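Remember, it's 1-based here, ligands and their atoms both numbered in the order they're listed. None of the values given here were measured: they were computed from a predicted structure.
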Amino acid sequence: MLRKTCRVCAKALSPFMSFGKMPLANAFTKPEHLKDEYFFELAPGFCTSCFTFQLMEQPDPSHMFHDHYAFFSGTSQHMARHFEAMANDLRTFLTDQQDPLVVELGSNDGIMLQHFARLGVRHVGVEPSENVVQVARDKGIQTVCAFFNPQTAEDIRKQHGPAQVISAANVMCHIPNMQGVAKAVDHLLAKEGVFVFEDPYLGSMIEKTSYDQLYDAHVYIFSVHAVHHIFASVGLTLFHVEPQPTHGGSMRYYLCRTGQHPRRETVDHYLHREKEQGLTSLATFRQFRQACEQNRADFRAMLQAFQSQGKRVVGYAAAAKSTTVLNYCDIGPDLIEYIADTTPIKQGTVTPGMHIPVRSFEGFYDNPPDVAVLFAWNHAKEIFAKEKHFLERGGQWLLFRPHVHKLTA
Ligand code: TMP
Ligand code: ZN
């Protein structure tokens with residue numbers, strides 16, 4: 001059922017498109033376990049009252065974050081460096097603090113918190129996926145296996161006291177109940193503390209037509225306008241924002257209790273920019289729909305052209321995002337032979353919905369294809385740097401962001 005009202009402010013949501021029935025983005029499954037795949041309708045809506053872009057239907061979180069959760073942050077070196085830099089930025093808020101506490105929501109395998117653990121800074125990670133928690137604990141990172149809500153916040157505060165920093169990366173956009181999180185942050189945050197989170201940015205998604213940011217787990221794609229509205233209601237003020245290159249364009253939001261930190265000019269700069277880009281207007285999202293449809297037509301046409309030329313086409317990296325692209329564009333094993341991916345638990349599975357086999361990179365190197373479709377386009381720089389041979393040996397890349405195009409040597 002598509003919801004009709006905004007999760008944040010309860011006003012009417014404006015629909016503008018549907019991507020059709022979608023499986024869960026991370027439901028990579030062994031072919032022998034394929035029966036009863038779960039589907040939901042992937043349809044975003046926009047709230048013209050609080051400017052929050054959100055999905056109109058979302059599967060229960062228990063379907064999504066569980067023991068087989070396929071995503072480990074620690075797999076990309078680029079992300080590892082990003083989180084080290086984030087830890088350094090967060091540390092600037094800890095100077096002058098006596099024995100501070102850092103809490104990270106959705107701490108995954110501890111890729112960010114490990115930098116605090118190493119320095120002996122008190123820290124708690126909150127992470128709902130049991131298998132990922134185990135990896136973090138094995139690295140010596142104190143981690144609670146739970147969803148972050150007012151109860152979890154209270155338990156942490158009772159045991160460890162208030163937090164000087166609460167951070168979250170690529171997590172807030174997964175949590176439908178924003179009021180619950182805002183309340184929980186309010187419980188746990190020290191008076192002078194900062195709440196810092198980053199997520200894929202609506203402005204980048206619109207600019208790049210990167211609709212593959214939309215999948216089950218990404219219930220929100222935030223903008224500065226939306227974050228400003230969401231947290232103002234619990235007395236948390238946005239005092240700084242900072243764009244990030246991750247996930248094809250993200251934004252980091254810095255919040256504090258009203259009056260605790262001076263407001264920097266970045267906030268007004270981006271509020272102004274978003275108005276100019278049309279991120280507060282439904283007309284922009286109607287144009288986005290047209291851009292998605294064009295992208296789908298171009299992508300299919302290009303793959304069909306390769307097929308008629310007898311070229312071997314494989315996918316590079318079975319990112320969660322690829323599920324939206326493959327299902328929306330109706331691309332199966334007839335057009336893409338397999339997808340190579342480094343994640344061992346994805347190898348030997350098929351992709352959700354379209355059932356393209358996922359394999360290791362062995363075949364990709366031993367018997368290179370003519371064309372590689374880059375699904376992890378957000379890691380393009382890192383991937384092109386390590387795959388120079390592919391182009392040198394006559395291979396070509398097929399990219400579909402910000403538009404469909406080929407890349408040859
Ligand atoms: P994501 O971080 O955009 O979700 O994509 C991660 C997926 O991409 C994960 O399954 C691992 C895969 N991957 C590769 O196979 N090779 C690479 O070089 C990179 C960076 C990712
Ligand atoms: Zn709203």
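Classification of the F197-Y253 ring pair by plane angle, with boundaries at 30° and 60°, yields tilted.
Using modelled atom types and a 3.5 Å distance limit, the side chains of R401 and N295 yield a donor-acceptor pair. Side-chain N/O atoms of E198 and H82 include a donor and acceptor closer than 3.5 Å.
Close placement of the F361 and F364 rings is indicated, their centers lying within 6.0 Å of each other. No close placement of the H379 and H78 rings is indicated, their centers lying 6.0 Å or farther apart.
Here atom 18 (O) of ligand 1 lies nearest to K386 when heavy atoms of H379, K386, E382 are compared. Of the candidates T343, I345, T342, N26, T342 brings a heavy atom nearest to atom 16 (N) of ligand 1.
In the vicinity of I383, heavy-atom distances shorter than 4.0 Å reach the ligand 1 atoms 18 (O). The ligand atoms of ligand 1 that sit less than 4.0 angstrom from a heavy atom of F361 are 15 (O). Contact atoms of ligand 1 toward N378: 3 (O) (distance under 4.0 Å to a heavy atom of the residue).
C145 contributes atom SG, which lies 4.0 Å from atom CD of E130 (distance to the nearest 0.5 angstrom).
Residue contacts with ligand 1 for F375 are absent, since no atom lies close enough (heavy atoms, distance under 4.0 Å). At a 4.0 Å heavy-atom cut-off, ligand 1 touches K321 through the side chain alone. Under 4.0 angstrom from ligand 1, the non-hydrogen atoms of D341 come from both its backbone and its side chain.
Counting backbone and side-chain atoms alike, C9 contributes an N/O/S atom closer than 2.8 Å to the Zn ion (ligand 2).
Annotation: K346 places an N or O atom under 3.5 Å from an N or O atom of ligand 1; distance criterion only.
Side-chain contact check for F299 versus L335: every heavy-atom pair is 4.5 Å or farther apart.
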